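Just so it is clear, the model here is predicted, and its values are computed rather than measured. We count residues from 1, following the sequence as given.
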Amino acid sequence: MKTKSFTKGLVGCALLAASLVTGCKEYDDTGIRKDIADLQGRVESLEAWCETAKGQISALQSLVAAVESRDYITGVEPVTEAGKETGYAISLGSGKTFTVKHGTQGDPGVTPQIGVAKDEANPSDENYYWTVKTGDDEPEFIVDPATGGKMPVTGEKGDTPELSVAEDNGRLYWKVGEDWLLSDGAKVPATGEQGDAIFAENGVDYTTDPNSVTFTLADGTKLKVPCVSTLLTIVADEENANTFTVTNALIAETGNVVDIRVESENADGTAIATRAAVDTRWTVESEINGDVLTITAKPAKTVNLDETALLKVTVSDQAGQVLASGRTVFANAIPNEHEAVVAEVEDLKIAIADPAVTYIKIEDNLDLSNETSALIFGGSEQRSVMTQAGEKTIDLNGKTLTGPKNGTLTFICVKTGTVIFKNGTLDIANPFYVPGTSTLSVADIVVGQDKSHDDPNSDEVVSKGTIKLDHITLNGCISVEYGSSVEIIDSEVTNELYCVCTNANTSKADTDPITIKLTHTKLTGETPVFVNIPSNVEIDNCEITGGWQGVMMRGGTATIKNSRISLQEELAANEGSWLKDRKIEEKWGSGNEIPVAGITMGNNTGTAYQYPTSVTLQNTQVSGYDGYWAVFADATETCTVNFKYNEQCTFSPELNMENSFKQGLSKGKYITVNDKKVVTE
């Protein structure tokens, strides 16, 4: 078989352009208009036919992949459209499906027929390559434009040829990809009635041989795929992890061969590898007792707990004909040496303290409300002693961890490394004040560590940590230290005061900034997002509801998009009087003793928190209290504010440049809104 060569041409279908005839008013252009209409009609008809051909080319590609991978057919079902049978839906043992349409008769002399063939000149090559046949010519290999060689049907370089028509000098011709289709050096015209380009008229035969289905292509090529009508039922053993039983008489039949494969990949639980022969991450132990097959799938050390895997079982005769098959998806329930499954408080503490354990799965609700020491990741109870870094995942598995709520104990300390909590509830919120005192309670989760805890005059970073919450319901507050980060995804955080906050005991922070990233999360508190030192904040698709402020940016950079920020009076602490306009013409106080707004930015004090602030809003709704501010900013020469928003943002009350953007004490030009200076007198 030769390799078909083509010449380059225009891409796609082009309509014939008509020249405008001017001059004689009596000129009759009816004939030209009819020719144009006829050509346009033929183009539209051919384009529709090409779309159908593309679908059948894709079906042929799936068929060849099944042949090359030694897949087998588990079902052939008629497809009916408008009450008429139009083809067959083919189901494979791999779980894939494709549809073969009934072939149609036409004028084979003008219909290109796409097919597949092996390279007979190279017997060691088992791959199939695309071919094309025109008229009475023999099928020829299609050229791969990238390599100049044959175009493979499957594999990494597998491609799909596309049939189309294009106009050249007033006539329509066939193209394959970007090339004109040639026969004896001439373009093949797209005329006559179009027959099937892929499968023959009676191209699917599943009745002649009960053990196989034969597919006949339009060019006469035949492909045979084995079929199996018996489906095996695979039953999981509820008492033993990764153990299954299959009961079928074919298993006990002498001479039959049972093939067992487990396939998986290290992913998020949804992806399954398509080739198992090279997967060394699983070993299989099996035993046949009569017609009962018992299987245990054992993971290698690289397989994670709960990793998704696919178990496939086939029974074949001695000739290799598949007689029965079955498959099931399961989650690995056997932990490796780096994983721990815990159901007791002490076991959880041991697993956290063990640097070799990187994955912890909780099997029951755990109550740590009587504990007197924190869960510490990356260190001991002494703040300056670091013992472990790396990553550790705690899968709450739908369960709840309850922490002590006496106001004096931080429940979780992430001093170094990355800690991930996912799929459950952390009920750990301390009260606003330590019970029986006027002292504010400690944060429930602290990430990182800086020297200011031990030396108020030091900004030195001792350690950097990262905490991630994924599908977590948190009743509590996360405090992030210099240089550390927090990421919250698809979660809900509620707390009496702050949900995510920063803190600084000194006036300067010449260290790495903090990173806060919130995505698809709901936060509710007096000031849910509280930032007062250099930080990079990203908020996307979040709902933030506050009492005094929704978001407070007293330093750093924030990008907020596709979110909703609002205030509710019942979330604000009772300070003896309702001062929604507090701190407007005076120095700001500590904590959130600052002006009330959906978003409050900047600073107005010459001592603490001396940092510039930048906030950018995109497609975000911000609302404050009626008659007050949705957004409020104040600034000094040091504590400048750069605020930007796009036209998809809405504000309630509407932005008022005179009232929303103050420079109360400085009276300068230190606030910029959408790149324009705000000037106050």
Q: Any idea which heavy atoms bring Gly290 and Ala252 closest together, and the distance?
A: O-CB, 3.2 Å
Q: Test side chain to side chain contact (heavy atoms under 4.5 Å, CB included) on Val313 and Leu293; report intermediate values, then the result.
A: CA-CA 10 Å; Val313 181; Leu293 169 66; 4.0 Å; yes
Q: Check this for me, if you would: do Lys361 and Asp306 make a salt bridge, where the nitrogen-to-carboxylate-oxygen distance has to be below 4.0 angstrom?
A: yes
Q: Quick one: side-chain hydrogen bond (donor to acceptor under 3.5 Å, both in side chains) partners of Thr519, sequence neighbours excluded?
A: none
Q: Would a 4.5 Å heavy-atom cut-off, applied to side chains only, mark Ser325 and Leu231 as touching?
A: yes
Q: Knowing that exactly one of Val284, Val262, Val329 qualifies, which makes a side-chain contact (heavy atoms from CB on, under 4.5 Å) with Leu311?
A: Val262
Q: Taking Thr418 for the side chain and Glu391 for the main chain, is one N or O donor matched with an acceptor at less than 3.5 Å?
A: no
Q: Set out, in order, the CA-CA distance, both residues' side-chain angles and the distance that settles side chain to side chain contact (heavy atoms under 4.5 Å, CB included) for Asn256 and Leu323, then state yes or no.
A: CA-CA 9 Å; Asn256 285 348; Leu323 305 175; 3.6 Å; yes
Q: Can any side-chain N or O of Asp205 pair as donor or acceptor with the backbone N or O of Thr207 at less than 3.5 Å?
A: yes
Q: For the atom pair OG1 (Thr358) and CG (Leu305), what is the distance rounded to the nearest 0.5 Å?
A: 10.5 Å
Q: Between the side chains of Thr214 and Lys222, is a donor N or O closer than 3.5 angstrom to an acceptor N or O?
A: no
Q: Considering only NZ, NE, NH1 and NH2 on the basic side and carboxylate oxygens on the acidic side, decide whether Glu263 and Lys312 come within less than 4.0 Å.
A: yes
Q: Look at the aromatic rings of Phe141 and Tyr129 and report parallel, tilted or perpendicular, splitting at 30° and 60°.
A: perpendicular
Q: If we only count heavy atoms from C-beta on, is the Lys118 to Asn127 side-chain gap below 4.5 Å?
A: no
Q: Is it true that a side-chain atom of Asn562 and a backbone atom of Cys542 form a donor plus acceptor pair closer than 3.5 Å?
A: no
Q: Between Thr97 and Ser91, which heavy-atom pair has the shortest distance, and what is it?
A: CG2-OG, 3.8 Å
Q: With the side chain counted from C-beta on, respond yes when Ile472 and Leu396 share a heavy-atom pair under 4.5 Å apart, and no when they do not.
A: yes
Q: Do Asn248 and Asp291 meet the criterion of a side-chain donor-acceptor pair at a distance under 3.5 Å?
A: no
Q: Taking atom CD of Glu363 as the centre, report whether more than 12 heavy atoms of other residues, nucleotides or ligands fall under 6.0 Å from it.
A: yes
Q: Can you tell me if Ser58 uses its side chain to pair, donor with acceptor, with the backbone of Gln56 under 3.5 Å?
A: no
Q: Does the distance from a Lys or Arg side-chain N to an Asp or Glu carboxylate O, for Lys101 and Glu85, drop under 4.0 Å?
A: no
Q: Evaluate Glu287 against Thr294 for side chain to side chain donor-acceptor pair (under 3.5 Å), listing each step before the verdict.
A: CA-CA 5 Å; Glu287 180 181 358; Thr294 302; 5.6 Å; no
Q: Counting the benzene-type ring for Trp, do Tyr88 and His102 have ring centres under 6.0 Å apart?
A: yes
Q: Is there a side-chain contact between Thr314 and Tyr72 (heavy atoms, below 4.5 Å)?
A: yes
Q: Does any N or O in the side chain of Asn397 come within less than 3.5 Å of the main-chain N or O of Ile362, such that one atom is a donor and the other an acceptor?
A: yes
Q: State whether Asp470 and Lys468 are salt-bridged, where the test is any N-O pair (Lys NZ or Arg NE/NH1/NH2 against Asp/Glu carboxylate O) under 4.0 Å.
A: no
Q: Is the shortest side-chain heavy-atom distance between Val116 and Leu223 below 4.5 Å?
A: yes
Q: Does a sphere of radius 6.0 Å around NZ in Lys399 hold more than 12 heavy atoms from other residues, nucleotides or ligands, not counting ones at 6.0 Å or beyond?
A: yes
Q: Only one of Ile360, Ile488, Leu469 forms a side-chain contact (heavy atoms from CB on, under 4.5 Å) with Phe421, so which one is it?
A: Leu469
Q: Got a second to check how far Ile334's CD1 is from Glu339's CD, nearest 0.5 Å?
A: 10.5 Å
Q: May I ask you to check whether over 12 heavy atoms, not counting those of Asn122, lie within 6.0 Å of atom CG?
A: yes
Q: Answer yes or no: is there a donor N or O on one side and an acceptor on the other, between the side chain of Asn242 and the main chain of Ala333, under 3.5 Å?
A: yes
Q: Under 3.5 Å, is there a donor-acceptor pair between the side chain of Asn332 and the main chain of Pro335?
A: no
Q: Under 4.5 Å between any side-chain heavy atoms of Tyr206 and Cys227, yes or no?
A: no
Q: Any side-chain to backbone donor/acceptor pair from Ser563 onto Asn541? Under 3.5 Å, distance only.
A: yes
Q: Could you walk me through whether Thr521 and Ile539 pass the side chain to side chain contact (heavy atoms under 4.5 Å, CB included) test, one step at a time?
A: CA-CA 9 Å; Thr521 292; Ile539 300 175; over 6 Å; no
Q: How far apart are the closest heavy atoms of Asp219 and Pro139, and which atoms are they?
A: OD2-CG, 4.1 Å
Q: Working to the nearest 0.5 Å, report the span between CD1 of Ile234 and CD1 of Ile295.
A: 6.0 Å
Q: Any salt bridge between Arg281 and Glu307, counting N to O under 4.0 Å?
A: yes
Q: With rounding to the nearest 0.5 Å, note down the distance linking CD in Gln61 to CD1 in Ile114.
A: 12.0 Å
Q: Can Tyr359 and Asn304 be counted as having a side-chain donor-acceptor contact under 3.5 angstrom?
A: no
Q: Using the side chain to side chain contact (heavy atoms under 4.5 Å, CB included) criterion, which residues pair with Val67? Sequence neighbours excluded.
A: Tyr128, Val225
Q: Taking C-beta and beyond as the side chain, do Val303 and Trp282 meet within less than 4.5 Å on heavy atoms?
A: yes
Q: For the CD atom of Glu492 and the OG1 atom of Thr473, what is their distance to the nearest 0.5 Å?
A: 6.0 Å
Q: Between Thr243 (side chain only) and Ala241 (backbone N and O only), is there a donor and an acceptor less than 3.5 Å apart?
A: yes
Q: Rounded to the nearest 0.5 Å, how far apart are OG of Ser62 and CD1 of Ile57?
A: 12.0 Å
Q: Got Val315 and Val257 here, is their nearest side-chain heavy-atom distance under 4.5 Å?
A: no
Q: Going through the checks in order, is the side chain to side chain contact (heavy atoms under 4.5 Å, CB included) test met by Leu60 and Phe98?
A: CA-CA 9 Å; Leu60 177 55; Phe98 61 90; over 6 Å; no
